[in-house]
*Asks:* 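Okay, handing you the structure first.
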Amino acid sequence: CHVERCSDEYESARQDLGIDGPGPHDNTLMCTVLRTYRHCMITTPGCQGEISYYSLRSIVRRLMDEHNCTTVGQTVEPSETKPRPPMVPAICLYKGKPVYRHCSLFGD
Amino acid sequence: PHIRTFYEEAQTCKVKGAWPLVNNDYLIVQVTNDPVEGNTDATATSKLTVIVKGNPECTSANFQTYQAQSNSLPGTFENGHVTYGPYGSLELIEVEPGRHVEIHIRYIETVVIVRQIGRYFTFSIKMPEELVNKTAGLPGDVSNDLDLCVRGCPLSEQINYQEYLAKRRFARPSQTRTSVSSSSSSSSSLSDSSDAKYSSDGNSPGEPLVSRAYAEKVCRASKLVDFYFDSCVFDLMATGDENFTLSALSSLQDVVKFHPSAARTMDNRTTLDLYDKQYGN
């Protein structure tokens with residue numbers, strides 16, 4: 001789950017649009033970056049069961065409500081100067097229980 | 001060598017020659033153990049092979065092989081590659097050239113650590129619990145019956161390190177080595193005249209090469225605990241080679257990193273009281 005990448009893009013978009021300082025900010029611009037954040041999150045694979053993912057998703061939803069944002073509308077185009085690394089497909093992400101075992105061999 | 005299995009069994013084993021450590025649907029790990037210089041049946045790992053089975057979607061359909069032998073800890077897989085797949089799903093990271101490499105198999109969240117300390121290797125693996133024992137073998141296939149990480153060592157291959165330590169509690173060390181490795185920085189500062197390190201009174205099988213008191217002092221200074229402390233003491237007594245202190249320390253650090261909850265339950269040391277009483281006279 002690479003949800004932190006969405007957070008990075010959100011922060012970066014706020015900087016690009018000049019709404020990264022203390023508010024209040026233009027509602028239209030805020031909705032543009034929040035929609036972008038939301039879109040990134042719902043298209044990020046492999047986050048089923050990740051607590052951080054669900055927490056962030058509820059924060060974005062709350063912020064969108066606060067700014068009366070619609071889910072459909074303008075979004076920020078990904079910056080060409082900051083290409084995103086290829087998204088790892090779900091099949092290449094481990095989705096089992098995050099319970100691990102350890103084995104070691106050492107000495108004589 | 002000393003093994004800590006996936007199921008937290010701690011054993012000291014002979015396992016001379018080639019043995020499988022892991023063999024499941026995702027990877028195979030095999031080791032070759034050679035007898036160490038000293039007066040015991042103990043061996044240490046001189047060759048280690050990791051074979052990552054193919055994954056067409058994430059890396060490639062082919063098996064990828066990593067092989068390390070004494071004095072050669074390559075920084076790449078056998079064919080010179082370090083990553084496979086468009087997402088870096090399989091990656092070999094050379095953390096410290098010639099001493100420490102890590103193999104990250106990201107689609108199964110598995111990490112293999114191989115270190116070379118002196119002439120020998122240490123190995124650690126972290127793997128999801130539900131994959132450890134996953135083998136899609138044919139019915140009746142018993143291919144993983146000898147995997148040391150899953151089953152531990154066969155009884156006939158186990159060395160009772162507690163009995164070894166207790167029996168030699170007050171034994172005077174024999175002198176079979178002309179010099180002792182001093183790679184451990186702690187060794188020189190710890191030598192003191194009250195702890196006989198070597199004497200020259202014979203060389204019968206099983207006699208320690210350094211005294212238990214001296215070995216305990218060195219291992220305690222390295223802040224080793226629990227099974228790792230006793231392993232360190234055993235290794236020093238058996239070989240006099242202080243490289244093995246670092247081997248135990250690295251292994252302990254891997255446990256702390258990979259399996260913090262296990263590390264929290266470790267005792268300061270395993271109890272030798274019973275054995276010390278039994279062999280006290």
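Below, chain A is the first sequence line, B the second, and so on; all start at residue 1.
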*Asks:* So for B:L131, is it side chain, backbone, both, or neither that comes closer than 4.5 Å to the heavy atoms of chain A?
*Replies:* side chain
*Asks:* Is it the backbone or the side chain of B:L21 that comes under 4.5 Å from a heavy atom of chain A, or both, or neither?
*Replies:* side chain
*Asks:* Is the number of heavy atoms from other residues, nucleotides or ligands within 6.0 Å of CD (A:Q74) greater than 12?
*Replies:* no
*Asks:* Shorter than 4.5 Å, heavy atoms on both sides: which option in B:E8, B:E109, B:H2 has the most such pairs with chain A?
*Replies:* B:H2
*Asks:* Would you say that B:D254 contacts A:S104 through its side chain, given a criterion of any heavy-atom pair below 4.5 Å between the two side chains?
*Replies:* no
*Asks:* Looking at chain A, which one of B:S247, B:P35, B:P128 has the largest number of heavy-atom pairs inside 4.5 Å, strictly under?
*Replies:* B:P128
*Asks:* Considering only heavy atoms, which portion of B:F244 lies under 4.5 Å from any heavy atom of chain A: side chain, backbone, both, or neither?
*Replies:* side chain
*Asks:* For B:T12, is it the side chain, the backbone, both or neither that has a heavy atom under 4.5 Å from a heavy atom of chain A?
*Replies:* side chain
*Asks:* Check the pair A:R101 / B:M127 against side chain to side chain contact (heavy atoms under 4.5 Å, CB included), numbers first and verdict last.
*Replies:* CA-CA 5 Å; A:R101 290 275 166 190; B:M127 189 167 199; 5.6 Å; no
*Asks:* For chain A, find which of B:D235, B:I117, B:I3, B:I108 contributes the most heavy-atom pairs closer than 4.5 angstrom.
*Replies:* B:D235
*Asks:* Name the option with the most non-hydrogen atom pairs under 4.5 Å to chain A; the candidates are B:A42, B:S261, B:C149.
*Replies:* B:C149
*Asks:* Would A:F106 and B:Y228 satisfy ring pair (Phe, Tyr, Trp, His ring centres under 6.0 Å), going step by step from the backbone distance to the final call?
*Replies:* CA-CA 10 Å; A:F106 65 97; B:Y228 299 89; 5.3 Å; yes
*Asks:* Which answer fits B:V31, side chain, backbone, both or neither, if we ask what part of it has an atom under 4.5 Å from a heavy atom of chain A?
*Replies:* side chain
*Asks:* Taking side chain as everything from C-beta outward and backbone as N, CA, C, O, which of these in B:T5 sits under 4.5 Å from a heavy atom of chain A? Side chain, backbone, both or neither.
*Replies:* backbone
*Asks:* Under a 3.5 Å distance rule, please check whether A:D108 uses its side chain to pair with a backbone N or O of B:A44 as donor and acceptor.
*Replies:* no
*Asks:* Quick one: CG on A:L105 to CZ on B:R4, what's the gap to the nearest 0.5 Å?
*Replies:* 13.5 Å
*Asks:* Between chain A and each of B:N33, B:L148, B:V36, count heavy-atom pairs under 4.5 Å; write down the option with the most.
*Replies:* B:V36
*Asks:* Let me confirm one number: the SG-CG distance from A:C103 to B:D147, rounded to the nearest 0.5 Å.
*Replies:* 9.5 Å
*Asks:* B:A238 versus chain A, heavy atoms under 4.5 Å apart: side chain, backbone, both or neither?
*Replies:* side chain
*Asks:* Sort A:I91 into side chain, backbone, both or neither according to what part of it lies under 4.5 angstrom from a heavy atom of chain B.
*Replies:* both
*Asks:* Which bit of B:T43 is near chain A, if near means a heavy-atom gap under 4.5 Å: side chain, backbone, both or neither?
*Replies:* backbone
*Asks:* Can you confirm whether more than 12 heavy atoms, excluding those of A:H39, are under 6.0 Å from its NE2 atom?
*Replies:* no
*Asks:* Assign the ring pair A:H102 / B:H259 to parallel, tilted or perpendicular, where the plane angle (0 to 90°) is split at 30° and 60°.
*Replies:* perpendicular
*Asks:* Between the side chains of A:Y100 and B:E130, does any donor sit under 3.5 Å from an acceptor?
*Replies:* no
